[in-house]
Amino acid sequence: MTAYEPPGTPGPAAPYDAVVLAGGAARRLGGADKPGLRVGGRPLLDRVLAACATATTTVVVAEPRQTARPVEWAREEPPGGGPLAALDAGLRHVSAEHVMVLSADLPFLDEATVRRLLGALRTGDALQGPARPDGVLLTDPDGRDQPLVAAYHADALRRELAALAVAHGGVTGLPLRRLTAALDLTRISDPVASFDCDTWDDIAAARARIREHGNVLDEWISAVKDELGIDLDVDTGALLDVARDAAHSVARPAAPLTTFLVGYAAAQAGGGPEAVAEASRKATALALRWAAEDTPDTKPTPDAG
């Protein structure tokens with residue numbers, strides 16, 4: 001199969017699991033802790049975890065670290081054994097029929113894209129026999145496959161990994177294309193969600209994009225909600241209208257919205273001065289990190305957590 005363009009964004013359907021590959025040497029980043037690098041105040045790994053937050057089980061293949069959402073941890077054997085060894089390790093922890101396979105360096109992946117990939121895969125399930133696709137993946141602006149931004153049938157992945165292990169005496173060190181070449185895949189073009197961060201220039205481009213006029217407010221509100229642990233769909237348009245009427249200005253729309261989210265987080269924590277102070281501290285720290293990324297000649301810093 002070559003290309004598939006679904007008519008719209010599908011809603012929630014059958015359960016799925018997610019495997020996030022967060023290892024690798026990040027050589028083009030000088031060995032930096034790539035999953036911990038922050039874009040929009042949030043580690044790249046946390047941004048990916050937010051996109052697949054509806055997964056029944058999320059497995060991250062890497063050394064354990066602090067994350068904004070609870071996950072299961074796995075490690076390939078031996079550590080550093082490559083993407084196929086990491087995928088094999090992750091699959092041992094999941095049981096759903098459908099599995100999202102993601103890298104940990106996708107700053108613009110979102111829940112809508114995850115639903116789109118899963119919806120296309122489930123549409124293909126209606127086909128019989130060999131016509132059924134083994135997976136659905138994104139392609140980048142140059143038409144290259146991005147097999148780590150994809151939804152797969154878990155049984156197809158296990159089948160081909162087992163075949164490769166028999167043929168090569170294991171999967172350690174084998175390139176990912178050995179696996180994808182054996183699968184029947186549907187492709188969806190998405191130049192934004194497929195963007196990954198392999199170099200410092202990529203990190204800079206991602207940070208610049210989220211500060212564009214059409215993106216900055218949504219990105220900021222998403223970052224605040226993640227920081228405060230709020231699972232809430234915020235009607236930013238309505239809140240901005242209220243803030244404009246109250247303050248007679250929309251010059252700094254992030255301020256009143258952030259104040260609202262701080263109050264909401266404090267209420268969830270039971271209210272009281274301590275809860276307000278803790279929520280305010282987290283939001284302030286996030287704002288300082290957000291501002292620091294925009295300082296000229298400041299080198300990106302990994303997640304200290």
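Listed by chain and residue number, nothing satisfies the side chain to side chain donor-acceptor pair (under 3.5 Å) test with D134 (two or more places apart in sequence, or in another chain). Residues that satisfy the salt bridge (Lys or Arg N to Asp or Glu O under 4.0 Å) test with E72, not counting sequence neighbours, are absent from this structure. Remark: D110 pairs with no residue by the salt bridge (Lys or Arg N to Asp or Glu O under 4.0 Å) rule, at least two apart or across chains. Partners of E219 according to the salt bridge (Lys or Arg N to Asp or Glu O under 4.0 Å) rule, which considers only residues two or more places apart in sequence or in another chain, are R47. Residues forming a side chain to side chain donor-acceptor pair (under 3.5 Å) with D88 (at least two apart in sequence, or on another chain): R92.
Contact of the T139 side chain with the S189 side chain is registered, since non-hydrogen atoms from C-beta on lie closer than 4.5 Å. Side-chain atoms of L37 and W200, non-hydrogen and from C-beta on, do get closer than 4.5 Å to each other. You'll find the side chain of S95 stays beyond 4.5 Å of the side chain of T57, heavy atoms only. Counting heavy atoms from C-beta on, the side chains of L84 and L176 come closer than 4.5 Å. A 4.5 Å side-chain heavy-atom check between V171 and L87 finds every atom pair outside the cut-off. For the pair Y16/L121, no side-chain contact is recorded, criterion being any heavy-atom separation below 4.5 Å from C-beta on. Between I203 and L44, some side-chain heavy-atom pair lies under the 4.5 Å cut-off. A 4.5 Å side-chain heavy-atom check between D190 and V149 finds every atom pair outside the cut-off.
With hydrogens and angles disregarded, a donor-acceptor distance shorter than 3.5 Å links the side chain of D17 to the backbone of A96. Within the 3.5 Å criterion, the main-chain N or O of P107 finds no donor-acceptor partner in the side chain of R42. The main-chain N or O of L109 is never found under 3.5 Å from a side-chain atom of T113 such that the two would form a donor-acceptor pair. Panel note: side chain E111, backbone R115; no donor-acceptor pair is recorded below 3.5 Å. For the pair D140 (side chain) and D142 (backbone), a donor-acceptor distance under 3.5 Å is present.
Remark: R159 CZ is packed, more than 12 non-hydrogen atoms of other residues, nucleotides or ligands lying under 6.0 Å away.
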Apply salt bridge (charged side-chain N to carboxylate O under 4.0 Å, His left out) to the pair D198 and K34, showing each step before the final yes or no. CA-CA 8 Å; D198 290 327; K34 181 162 65 169; 3.3 Å; yes
Chi angles and distances behind the side chain to side chain contact (heavy atoms under 4.5 Å, CB included) call for V39, R207: CA-CA 6 Å; V39 173; R207 289 174 167 176; 4.3 Å; yes
List the steps, then state whether salt bridge (charged side-chain N to carboxylate O under 4.0 Å, His left out) holds for R132 with D155. CA-CA 13 Å; R132 188 194 81 163; D155 59 353; 3.7 Å; yes
Verdict with reasoning, V60 to L49, per side chain to side chain contact (heavy atoms under 4.5 Å, CB included): CA-CA 9 Å; V60 179; L49 294 178; 4.0 Å; yes
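In this structure, the separation between CG on L45 and OG on S103 is 10.5 Å, given to the nearest 0.5 Å. Atoms CZ and CG, on F195 and D105 in that order, are 9.5 Å from each other to the nearest 0.5 Å. Between L21 atom CG and E76 atom CD the span is 8.5 Å, to the nearest 0.5 Å. Put simply, OG1 on T180 and CG on L185 are 6.5 Å apart, with the number rounded to the nearest 0.5 Å. Atom CG of L102 sits about 8.0 Å away from atom CG of L148, to the nearest 0.5 Å. For the atom pair L138 CG and R144 CZ, the distance stands at 14.0 Å (nearest 0.5 Å).
Among residues at least two apart or in separate chains, ring-ring contact (aromatic ring centres under 6.0 Å, His included) pairs with a member in residues 67-99 are H98-H153.
Shown here for C52 and T58, the closest heavy-atom pair between the two residues is O-OG1, 3.9 Å. The nearest pair of heavy atoms linking M100 to L117 is CE-CD1, 3.7 Å. Across all their heavy atoms, L179 and L161 have their closest contact at CD1-N, 4.1 Å. The shortest heavy-atom contact between D46 and A68 is OD1-N, 3.0 Å. The two residues P43 and P35 have their closest heavy-atom pair at CB-O, 3.6 Å. Minimum heavy-atom separation, R69 to A53: NH1-CB, 3.4 Å.
T199 and D201 share no donor-acceptor pair across their side chains, judged by distance under 3.5 Å alone.
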